[in-house]
Amino acid sequence: MIYLKTDEEIELLREANLLVGMTLGEVAKWIKPGISTLKLDAIAEEFIRDHGAVPGFKGYGGFPSTICASVNDKVVHGFPSEYELREGDIISVDCGAVKNGFNGDSTYTFCVGEVAPEVLALLKTTKESLYIGIEHAVVGKRLGDISESIQSYCEARGYSVVRELCGHGVGRHLHEDPEVPNYGRRGTGPLLKNGMVIAIEPMINLGKRHIVIERDGWTTRTRDGKPSAHFEHTIAVRPGKADILSSFAYVEEVLGEKSI
């Protein structure tokens with residue numbers, strides 16, 4: 001069942017999502033060669049708790065950490081570890097926070113130092129496709145309009161779309177209906193209504209779309225070992241233009257001209 005949110009609930013969701021944006025901005029300050037993803041996780045958890053919230057992912061379905069730290073060919077759900085970032089890596093940091101009973105959820109894929117041009121192009125296309133999808137998240141359109149716009153934009157540029165994983169509704173629960181695939185057909189799926197809150201999150205591969213889930217039951221990587229990028233915003237469906245509840249502004253303030 002799809003729950004439509006009141007204006008008051010959307011403002012509470014905005015507060016949780018802006019905190020996630022701020023947390024990603026804090027993490028951005030530390031991303032450089034030599035830092036472990038476990039250290040990034042500790043930074044994120046401390047920041048969230050210091051701001052009167054709790055990590056949304058930690059303990060969710062048994063997930064052990066505050067952030068998903070997915071490096072290079074990891075698509076999503078990477079466990080933070082002792083792995084130290086290296087020059088040329090990319091890392092997707094997916095983060096959630098619960099504040100006032102509502103969830104925030106957002107993802108940004110970072111470059112570690114200088115990355116290969118073809119990898120940077122993948123990141124830029126994935127981020128652009130997120131905003132193209134958001135353009136269709138308005139009252140009167142259908143969910144498939146979002147999905148198809150992301151798929152066609154990325155595939156036209158030679159990239160592939162992960163199909164086994166998708167976006168989702170967000171509210172008092174981290175994952176609510178509806179599912180929001182990154183592929184599909186225009187004019188299909190649920191009608192978008194005022195007050196729907198969804199996370200749109202393209203997961204786009206440099207190589208083939210096929211994925212493998214590792215033995216831990218969480219870490220998901222590309223089957224061909226090529227890099228994958230992931231960007232995510234939580235948005236509220238509104239007439240005319242979607243309301244983006246999360247924010248990359250804090251990340252981009254840190255990264256400056258190195259922003260994707």
Side-chain angles (χ1 to χ4, degrees), residues 3 5 9-28 30-31 37-71 74-81 91-110 126-127 130 134 162 165-180 182 196-203 216-220 228-236 243-251:
Y3 294 99
K5 302 334 189 260
E9 288 172 327
I10 287 172
E11 290 312 307
L12 292 171
L13 279 157
R14 191 190 312 279
E15 192 173 339
N17 277 281
L18 286 177
L19 176 55
V20 172
M22 292 167 62
T23 306
L24 291 173
E26 184 65 21
V27 169
W30 295 83
I31 290 179
T37 56
L38 208 54
K39 175 67 173 175
L40 297 178
D41 185 68
I43 290 164
E45 179 170 2
E46 182 178 14
F47 190 89
I48 289 169
R49 294 189 187 280
D50 283 351
H51 286 79
V54 296
F57 296 174
K58 194 167 189 176
Y60 183 88
F63 190 79
S65 307
T66 294
I67 62 170
C68 300
S70 306
V71 179
K74 307 299 189 294
V75 181
V76 288
H77 304 156
F79 286 5
S81 70
I91 176 171
S92 299
V93 180
D94 190 352
C95 185
V98 183
K99 191 167 187 182
N100 299 318
F102 287 89
N103 282 268
D105 190 7
S106 185
T107 308
Y108 198 94
T109 302
F110 297 90
T126 305
K127 186 181 178 189
L130 168 61
I134 290 171
V162 173
L165 302 155
C166 60
H168 50 89
V170 183
R172 291 190 179 275
H173 300 283
L174 177 58
H175 292 108
E176 298 183 353
D177 289 335
E179 291 190 340
V180 186
N182 296 305
M196 287 176 65
V197 175
I198 56 175
I200 302 174
E201 47 179 318
M203 290 157 271
D216 60 26
W218 286 94
T219 306
T220 304
S228 183
H230 181 200
F231 288 85
E232 175 186 19
H233 271 315
T234 296
I235 66 96
D243 184 1
I244 302 175
L245 305 180
S246 48
S247 176
F248 292 155
Y250 304 98
V251 166

Report summary line: Contacts of Phe110 meeting ring pair (Phe, Tyr, Trp, His ring centres under 6.0 Å) (sequence neighbours excluded), chain-then-number -> Tyr108

Requested in this report: Check whether any side-chain heavy atom of Thr126 lies under 4.5 Å from a side-chain heavy atom of Thr109, and answer yes or no.
Outcome: no

Report summary line: Taking every heavy atom of Thr107 against every heavy atom of Ser92, the minimum-distance pair comes out as CG2-CB, 4.4 Å

Report summary line: Here the gap from Ile200 atom CD1 to Ile235 atom CD1, rounded to the nearest 0.5 Å, amounts to 4.5 Å

Under 3.5 Å donor-acceptor pairs involving side-chain atoms of residues 20-27, not counting sequence neighbours:
| from | atom 1 | to | atom 2 | distance (Å) |
| --- | --- | --- | --- | --- |
| Thr23 | OG1 | Leu19 | O | 2.8 |
| Glu26 | OE1 | Lys29 | NZ | 3.0 |

Query - Heavy-atom donor-acceptor pair, Lys5 side chain to Val170 backbone, under 3.5 Å - result: yes

Query raised in the report: Is the backbone of Trp218 close enough, under 3.5 Å, to the side chain of Thr220 for a donor and an acceptor to pair up by distance?
Result: yes

Query raised in the report: Counting heavy atoms not belonging to His175, are there more than 12 under 6.0 Å from its NE2?
Result: yes

Report task. Please collect all salt bridge (charged side-chain N to carboxylate O under 4.0 Å, His left out) contacts where either partner lies in residues 93-107, sequence neighbours excluded, each pair once. Result -> Glu15-Lys99

Query - Note, Thr234 side chain near Leu13 side chain (heavy atom, < 4.5 Å) - result: no

Query - Contacts of His233 that satisfy side-chain hydrogen bond (donor to acceptor under 3.5 Å, both in side chains) - sequence neighbours left out - result: Tyr131, Ser246

Query raised in the report: Is a side-chain N or O of Asn103 found less than 3.5 angstrom from the main chain of Val98, in a donor-acceptor match?
Result: no

Query raised in the report: Going by heavy atoms in the side chains, are Asn182 and Val162 under 4.5 Å from each other?
Result: no

Report summary line: The side chain to side chain contact (heavy atoms under 4.5 Å, CB included) partners of Thr66 (sequence neighbours excluded) come to Asp41, Ala44, Glu45, Ile48, Pro55, Lys58

Requested in this report: Indicate yes or no for a side-chain donor-acceptor contact from Thr219 to the backbone of Gly78 under 3.5 Å, with no hydrogens or angles considered.
Outcome: no

Query raised in the report: Taking side chain as C-beta onward, heavy atoms only, is Phe248 less than 4.5 Å from Leu130?
Result: yes

Report task. Check salt bridge (charged side-chain N to carboxylate O under 4.0 Å, His left out) between Asp243 and all other residues, then give those that pass, not counting sequence neighbours. Result -> Arg14

Query raised in the report: If we only count heavy atoms from C-beta on, is the Met203 to Glu232 side-chain gap below 4.5 Å?
Result: no

Query - Side-chain heavy-atom pair Tyr3, Arg172 within 4.5 angstrom cut-off - result: no

Query raised in the report: Is there a side-chain contact between Cys68 and Val76, using heavy atoms and a 4.5 Å cut-off?
Result: no

**Report entry** Distance, nearest 0.5 Å, that separates CG of Leu18 from CD1 of Ile244
**Finding:** 11.5 Å

Report task. State, yes or no, whether a side-chain contact exists between His77 and Leu165 at a heavy-atom distance under 4.5 Å. Result -> yes

